[in-house]
Amino acid sequence: MAREVREGLSATPKRLPSKLFYDEIGSALFEQITELPEYYLTRTERAIFEDYAAEILEAAGPSLTLVELGAGTASKTCILIEELLQLQSRALFYPIDVSPSALNEAVRQMALQFPQLRVSPIVADYTGGVPALARISGRKLVLYIGSSIGNFEPPQAVGMLRRIRRSLRASDALLLGTDLAKSSKILLPAYDDAQGVTARFNKNILDRLNRELEADFDVDAFKHIALWNKHCSRMEIYLESTAKQSVFVPAINMDVHFAAGERLHTENSYKYTDHMVNTILRESGFALERTWTDPKRWFGVHLARV
Ligand code: TRP
């Protein structure tokens, strides 16, 4: 963490790795974001699963084993599992996540809710590929939902999907959730809500440097900024210094200077067009088979074959 922070704060323009958002406080704030009226992503994807779970599973093929990348607490996945257990009497579920605590919670919840489901958690950073997937027999449906793919730069997204694909067989499929390109009138409030929860979430990254690296960021001297970059089809999230100021980060013995109005980049969130979805899947060795969307076409769930 110290090394990545040093690297990011030394760069021009300054940046911080977005994975720093998700400590315990950040994860709780993100949960709050998913329930905001402006943040349409989570509820829209959930509605697609509610409307089309049967179609999705049917298209993926019979006798499925589910795998979920970055499962977290796997709350949306329950909709698919419930439907799957209508189609087959038993099922296997392999949630994969870097966070053992999130996985334990998923396992506990699901074991209670679905006695016919065998849950085998895998603690791993899936971005490097998951070789253990190759040893799972039977037909797999790999879920990569929640628009997490959108937080990667497209070339990194392709690299990640390619590494996942290497552990899959011909009958296996990928179910990819992407947020879709849309009007900035919808996008901007989703990343800058009226209650200021998203601003707190973004600023938690500075609080975290204060807590964990003993830094002395004056968090109130930074402003949450969300911009729509139409050319790159992405939301860009920054923290903007409202004044000329200096910050000291003892853990890395670093003085950081900010000019008034200088921006620190914390996240990109790509909003996929049909063309972008096709391109990343093709370049990573998948073939897009079908897409399900909500009536407003705000979110896409894509089934792709190896
Ligand atoms: N993966 C989420 C997204 O891109 C994360 C997120 C939501 C986020 N709101 C944010 C990241 C605000 C940074 C700032 O939609």
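Index from 1, following the sequence. Keep in mind that the numbers below use all heavy atoms, side chains included, and drop hydrogens, waters and symmetry copies. Order of listing sets the numbers, starting from 1, for every ligand and every atom in it.
The shortest N/O to N/O separation between His224 and ligand 1 does not fall below 3.5 Å. Looking at ligand 1, you'll find an N or O of Ser269 within less than 3.5 Å of one of its N or O atoms. Taking any N or O of Ser147, backbone or side chain, none lies under 3.5 Å from an N or O belonging to ligand 1.
Of all protein heavy atoms, the one lying nearest to atom 6 (C) of ligand 1 is Phe30 CE1, 3.9 Å. When hydrogens are left out, the protein atom nearest atom 15 (O) of ligand 1 is Tyr191 OH, 2.4 Å; that is the closest non-hydrogen contact.
A side-chain donor-acceptor contact under 3.5 Å links Glu38 to the backbone of Ala194. Counting only distance, with no hydrogens or angles, the side chain of Asp172 and the backbone of Lys140 share a donor-acceptor pair below 3.5 Å.
Nearest heavy atoms, Tyr39 versus Ala190: CD1-O, 3.3 Å.
Geometrically, Lys14 engages Phe258 in a cation-pi contact, judged by NZ or CZ lying under 6.0 Å from the ring centre and within 45° of the ring axis.
Atoms of ligand 1 lying under 4.0 Å from at least one heavy atom of Phe21, given by number and element, are 11 (C), 13 (C). Distances below 4.0 Å separate heavy atoms of Tyr39 from the following atoms of ligand 1: 2 (C), 3 (C), 7 (C), 15 (O).
When the heavy atoms of Tyr22, Tyr238, Phe201 are ranked by distance to atom 5 (C) of ligand 1, first place goes to Tyr22. Closest to atom 1 (N) of ligand 1 by heavy atom, among Asn151, Val197, Thr198, Thr266, is Asn151.
The aromatic ring centroids of Tyr22 and Phe201 lie less than 6.0 Å from each other. Separation of the Tyr270 and Phe152 ring centroids does not fall under the 6.0 Å cut-off.
The local environment of CD in Gln195 is sparse, with at most 12 non-hydrogen atoms from other residues, nucleotides or ligands closer than 6.0 Å.
Contacts of Ile237 with ligand 1, taken as heavy-atom pairs under 4.0 Å, involve the side chain alone.
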